[in-house]
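Encoded as structure tokens, the structure appears first; notes follow it.
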Amino acid sequence: MNDLGKPVPSSPTRRDFLSRLLKFWSLVTVIPIGTAIIRYVTPVQRDVDVRESLRVASVQDIERNTAKIVRFNKEPVIIVHTRTGQFKAFSARCTHLGCIVQFKSEGTPHFICNCHGSQFDINGINIAGPAPRPLSPFKAKVDKSSIVVSRI
Ligand code: FES
């Protein structure tokens, strides 16, 4: 107490300093971790324009017995122009672990996955390797010399 009866402020102790330092450290640590957890558990709102069908290529872009990988919304889709003139479309993601498959036109046309050796026939059916399922089919049709892909 001073002469006027008011308490004299005491100098901060080591304990006070450490306590304040711990509170500051907690805030600096908890806020980013809490933000990360909230962002992880809440769904992300994306302004992605999802289309039901898309013109992905022109017929001239894909010669017979060749294939082309295009984007359908955000998914890679492989379009094959068969020897008989049909267009077929499948998800280009291997059903094993998701690598991108390639089209092989030599011999019997088929798809291969170079990651672990899966093979799929021209209809997308898994015929060799660890892939557990056929490639996901898409619908491909020709409209005014364009190839239109849509989900089945
Ligand atoms: S990801 Fe294609 S075989 Fe493993």
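Each ligand, and each atom within it, is numbered from 1 in the order the structure gives. FYI, the numbering just counts along the sequence from 1. We use all heavy atoms of the structure for the numbers below, so side chains are in, but hydrogens, waters and symmetry mates are not.
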Quick one: which residue pairs count as a salt bridge (charged side-chain N to carboxylate O under 4.0 Å, His left out) with a foot in residues 127-148, not counting sequence neighbours?
Arg55-Asp143
Disulfide bond (SG atoms under 2.5 Å apart) pairs, two or more places apart, involving residues 53-86
none
Distance below 2.8 Å from atom 2 (Fe) of ligand 1: protein N/O/S atoms:
Cys94 SG, Cys113 SG
Does the pair Val80 and Ile122 meet the rule for a side chain to side chain contact (heavy atoms under 4.5 Å, CB included), with working shown?
CA-CA 8 Å; Val80 179; Ile122 194 69; 3.8 Å; yes
Can the SG atoms of Cys94 and Cys113 be said to lie under 2.5 Å from each other?
no
Are Gln102 and Asn114 close enough, and set up right, to give a side-chain hydrogen bond (donor to acceptor under 3.5 Å, both in side chains), and what steps lead you there?
CA-CA 8 Å; Gln102 296 177 349; Asn114 287 325; 3.2 Å; yes
Residues at least two apart in sequence or cross-chain that pass side-chain hydrogen bond (donor to acceptor under 3.5 Å, both in side chains) with Ser91, listed by chain then number, are Glu75
